[in-house]
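Please read the structure below before turning to the comments.
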Amino acid sequence: MLKVKGFVFSPVQENTYVVYNEENLCCVIDPGCYFSKERKELQNFIDENQLTPKYLLNTHCHLDHVFGNKFVFEQYHTPLHIHQLETEVLSYAPLSGDMWNLPFENYEGKLLYLKEGDKVMLGRDAMQVLFAPGHTPGHICFYAEADQFIISGDVLFRKSIGRTDLPGGDLETLLGSIREKLFILPDAVTVYSGHGETTTIGYEKLHNPYVAVN
């Protein structure tokens, strides 16, 4: 059984997730820890629960989701997994940081690429990779079918959706990703978004003003 621990990090108020199981295996998804106290908070949770990080994952590579990549890699020796189409977005992130007055050191280690249908395994537990572009060209989500949750990154929020006015964004592509990849999931699936509170697929189908299915 997979469990999810969320943290809210950085001035951008980004949601970082640690997904873990009874075997004390875990993955860190979108580490947005910018300040030293945030990095310590993430590390303390992992260490106090005696977790072994197996994966470092990015749903996408906007700066607020990658602030902590270098830290996690240096602490736990976990190479970064992204979709191949996010490589350019990742390389551009430090320049975005300078523009936001949030300078940071980017991850420069090995890149391992994930694609639609791949599975991220933590022992016997699995999360399936869903390709859901539109917010960025190579955005992916992580769906745990057995545990009925999805890490949606910035695709879907409670009563909102990811912005598409940044380079590589496209509104119609994003709406298609939501309808064709997320809204086909069971209504009870919990959505852990990249910002804001959790929601469910069923709630968003009824109440999301951008993509509600009435």
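- Between the CD1 atom in I178 and the OG1 atom in T173 there is a gap of 11.0 Å [rounded to 0.5 Å].
- Counting heavy atoms from C-beta outward, F104 and Y34 have side chains that approach closer than 4.5 Å.
- In this model, a donor atom of one side chain and an acceptor atom of the other lie less than 3.5 Å apart for E14 and T16.
- Using a 4.5 Å heavy-atom cutoff, the side chains of H195 and V12 are in contact.
- The distance from the CD atom of E108 to the CG atom of L111 is 10.5 Å, given to the nearest 0.5 Å.
- The shortest non-hydrogen separation linking K110 to P79 is O-CB, 3.9 Å.
- Of all non-hydrogen atoms in Y17 and I151, the two that sit nearest each other are CD1-CG2, 3.9 Å.
- Cluster annotation: L130 is connected to I161 through the hydrophobic network of ILVMFWY side chains, with a link wherever side-chain heavy atoms come within less than 4.5 Å.
- Shown here are the ring pair (Phe, Tyr, Trp, His ring centres under 6.0 Å) partners of Y143, two or more places apart in sequence or in another chain: there are none.
- Separating the CD atom in E204 from the OH atom in Y210 is a distance of 11.5 Å, to the nearest 0.5 Å.
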C27 and K54: side-chain contact (heavy atoms from CB on, under 4.5 Å), yes or no, with the steps?
CA-CA 6 Å; C27 59; K54 304 295 290 186; 5.9 Å; no
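- Looking at Y113 and E86, their side chains never come closer than 4.5 Å, going by heavy atoms from C-beta outward.
- Under the 4.5 Å side-chain criterion, counting only non-hydrogen atoms from C-beta, L42 is not in contact with R39.
- Scanning both residues, L182 and C141, for their nearest heavy atoms gives CD1-SG, 4.3 Å.
- For the pair V28 and I46, the minimum side-chain heavy-atom distance is below 4.5 Å.
- In terms of the side chain to side chain donor-acceptor pair (under 3.5 Å) criterion, S10 has no residue partners (sequence neighbours excluded).
- In terms of heavy-atom proximity, G196 sits nearest to N15 at O-ND2, 2.8 Å.
- Listed by chain and number, the residues in a side chain to side chain donor-acceptor pair (under 3.5 Å) with T200 amount to none (sequence neighbours excluded).
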Let me see the working for L114 and F142 under side-chain contact (heavy atoms from CB on, under 4.5 Å), right down to the final yes or no.
CA-CA 11 Å; L114 295 169; F142 300 99; 3.9 Å; yes
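- A pairwise comparison of heavy atoms in S177 and A132 identifies OG-C, 3.3 Å as the closest pair.
- A continuous path of Ile, Leu, Val, Met, Phe, Trp and Tyr side chains, each step under 4.5 Å between heavy atoms, connects F71 with F67, placing both in one hydrophobic cluster.
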Would H65 and D154 count as a side-chain contact (heavy atoms from CB on, under 4.5 Å) if you check the C-alpha gap in whole Å, the side-chain angles of each, and the deciding distance to 0.1 Å?
CA-CA 10 Å; H65 293 256; D154 287 3; 3.2 Å; yes
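- Between the side chains of D170 and H135, not a single donor N or O lies within less than 3.5 Å of an accepting N or O.
- Between F45 and F7, the ring centre distance stays below 6.0 Å.
- Using modelled atom types, no side-chain atom of D147 and backbone atom of F149 make a donor-acceptor pair closer than 3.5 Å.
- Side-chain heavy atoms closer than 4.5 Å link hydrophobic residues (I, L, V, M, F, W, Y) into clusters, and following such links, possibly through other members, connects I201 to V155.
- L51 CG to E23 CD: the interatomic distance, rounded to the nearest 0.5 Å, is 12.0 Å.
- Partners of Y203 according to the side chain to side chain donor-acceptor pair (under 3.5 Å) rule, which considers only residues two or more places apart in sequence or in another chain, are R158.
- Judged as a side-chain contact (heavy atoms from CB on, under 4.5 Å), and not counting sequence neighbours, the contacts of F35 are P11, K37, E38.
- With E22 contributing its side chain and M1 its backbone, the two residues share a donor-acceptor pair below 3.5 Å.
- With a 6.0 Å cutoff to the six-membered ring centre and a 45° limit on the axis angle, K159 does not count as a cation-pi contact of F157.
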Apply side chain to side chain donor-acceptor pair (under 3.5 Å) to residues H81 and D118 and explain how you reach the verdict.
CA-CA 11 Å; H81 291 67; D118 284 348; over 6 Å; no
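- Contact of the V72 side chain with the T78 side chain is registered, since non-hydrogen atoms from C-beta on lie closer than 4.5 Å.
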Go through it in stages, so that I can follow the logic: the residues are V120 and V19, the test is side-chain contact (heavy atoms from CB on, under 4.5 Å), and I'd like the CA-CA distance, side-chain angles, deciding distance and then a yes or no.
CA-CA 11 Å; V120 175; V19 177; over 6 Å; no
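- Linking ILVMFWY side-chain heavy atoms closer than 4.5 Å, directly or via other members, places L56 and I29 in two distinct hydrophobic clusters.
- For E105, the salt bridge (Lys or Arg N to Asp or Glu O under 4.0 Å) criterion is met by K70, not counting sequence neighbours.
- Using a distance-only test at 3.5 Å, with no hydrogens or angles considered, no donor-acceptor pair links the side chain of N21 to the main chain of D125.
- When the side-chain contact (heavy atoms from CB on, under 4.5 Å) test is applied to N58, the partners found at least two apart in sequence or on another chain are D30, P31, C61, V66, N69, L80, I82.
- Between L63 atom CG and L90 atom CG the span is 11.0 Å, to the nearest 0.5 Å.
- For K40, there are no salt bridge (Lys or Arg N to Asp or Glu O under 4.0 Å) partners, not counting sequence neighbours.
- Crowding of E88 atom CD: a count of heavy atoms from other residues, nucleotides or ligands under 6.0 Å not exceeding 12.
- Closest non-hydrogen pair, L2 versus A144, comes out as CD1-CB, 4.0 Å.
- In the hydrophobic cluster analysis, where Ile, Leu, Val, Met, Phe, Trp and Tyr join through side-chain heavy atoms closer than 4.5 angstrom, Y20 is grouped apart from Y55.
- Looking at residues two or more places apart in sequence or on another chain, you find a side-chain contact (heavy atoms from CB on, under 4.5 Å) between L85 and H83, F131, P137.
- The pair E116-K181 counts as a salt bridge, with a side-chain nitrogen and a carboxylate oxygen less than 4.0 angstrom apart.
- Applying the ring pair (Phe, Tyr, Trp, His ring centres under 6.0 Å) criterion to H139, with sequence neighbours excluded, gives H60.
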Output side-chain donor-acceptor pairs under 3.5 Å for residues 183-194, partner residues at least two apart or in another chain, one line each.
| from | atom 1 | to | atom 2 | distance (Å) |
| --- | --- | --- | --- | --- |
| D187 | OD1 | K205 | NZ | 3.0 |
| S193 | OG | L156 | O | 2.7 |

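- Applying the side-chain contact (heavy atoms from CB on, under 4.5 Å) criterion to D47, with sequence neighbours excluded, gives Q43, Y76.
- Note that CG of N49 is 9.0 Å distant from SG of C26, once rounded to the nearest 0.5 Å.
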